[in-house]
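Counting convention: from 1, in listed order, for ligands and their atoms alike.
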Amino acid sequence: MLDGCIFCKISSGEIKVDMLYEDDSIVAFRDIDPQAPQHILVIPKEHIPTLDDVSPEDAGLLGHMLLKARDIASKLGMDKGYRIVVNCNSDGGQEVFHIHVHLLGGRQMKWPPG
Ligand code: 5GP
Ligand code: ZN
């Protein structure tokens with residue numbers, strides 16, 4: 001838990017959101033500013049700022065986040081596909097420095113992303 005971190009506040013329940021999934025290590029909830037009909041964030045409860053800060057011991061945690069995003073996509077009916085995004089640092093467009101996986105779906109995605 002990092003003081004002032006919005007995603008720590010969400011994962012600890014200090015800020016209430018519409019939780020789609022929660023277990024001991026991660027939570028999933030809807031993005032406040034959706035960029036697609038379905039836009040979900042999957043975050044660890046542990047405060048890890050960026051992908052650059054992930055250590056080899058966190059590999060299982062990252063895998064868990066990805067697989068849970070896949071399961072949520074399936075549960076929400078994204079049978080035609082979806083996109084997973086992890087923005088890293090300023091050039092990557094990261095705005096919240098508590099690592100998160102974006103799950104986007106419900107429309108045709110374009111490539112390359114902006
Ligand atoms: P980033 O640009 O860091 O990869 O993405 C951060 C995401 O978090 C953005 O899509 C933004 O809309 C979302 N976000 C920021 N603050 C909040 C919040 O308080 N609640 C929710 N549900 N999403 C948030
Ligand atoms: Zn945090």
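Using a 3.5 Å distance cut-off with no hydrogens or angles, the side chains of Asp71 and Ser74 do not pair a donor with an acceptor. At a cut-off of 3.5 Å, with distance as the only test, a side-chain donor of Arg30 or Gln38 sits close to an acceptor on the other residue.
Shortest non-hydrogen contact noted between Leu20 and Leu76 is CD1-CD1, 4.5 Å. Residues Phe7 and Ile43 share a closest heavy-atom pair of O-CD1, 3.5 Å. Across every non-hydrogen atom of Ile40 and Met78, the tightest pair is CD1-CE, 4.4 Å. Between Ala36 and Gly105 the shortest heavy-atom distance is CB-O, 3.5 Å.
Residue-level proximity to ligand 1 for Phe97 is absent, since no heavy atom of it falls below 4.0 angstrom. Contacts between Arg30 and ligand 1 below 4.0 angstrom, taking non-hydrogen atoms only, involve the backbone exclusively.
Around the Zn ion (ligand 2), the protein N, O or S atoms closer than 2.8 Å are Cys5 SG, Cys8 SG, His47 ND1, His98 ND1, listed by chain and residue number.
The residue among Val96, Ile99, Leu104, Ile15 with a heavy atom at the shortest distance from atom 15 (C) of ligand 1 is Val96.
The shortest contact between atom 9 (C) of ligand 1 and any protein heavy atom is with Asp31 OD2, 3.3 Å. Glu95 N, 2.6 Å is the protein heavy atom nearest to atom 3 (O) of ligand 1. The protein heavy atom nearest to atom 19 (O) of ligand 1 is Ile6 CG1, 3.6 Å. The shortest contact between atom 8 (O) of ligand 1 and any protein heavy atom is with Phe7 CZ, 3.5 Å. At the shortest separation from atom 2 (O) of ligand 1 among protein heavy atoms lies Gly93 O, 3.0 Å. Looking only at heavy atoms of the protein, atom 14 (N) of ligand 1 is closest to Ile32 CG2, 3.8 Å. Of the protein's heavy atoms, His100 NE2, 3.5 Å lies nearest to atom 6 (C) of ligand 1.
Annotation: Asp3, atom CG; neighbour count of heavy atoms from other residues, nucleotides and ligands within 6.0 Å does not exceed 12.
Between Val17 and ligand 1, a contact under 3.5 Å exists for no N or O pair.
With sequence neighbours left out, the side chain to side chain donor-acceptor pair (under 3.5 Å) criterion links Arg70 to no other residue.
Between Asp53 and Ile99, every side-chain heavy-atom pair lies at or beyond the 4.5 Å cut-off. You'll find the side chain of His102 stays beyond 4.5 Å of the side chain of Arg83, heavy atoms only. Using a 4.5 Å heavy-atom cutoff, the side chains of Phe29 and Asp18 are not in contact.
Centroid-to-centroid, the aromatic rings of His100 and His98 stay 6.0 Å apart or farther.
Using a non-hydrogen distance threshold of 4.0 Å, Gln35 does not register as a contact of ligand 1.
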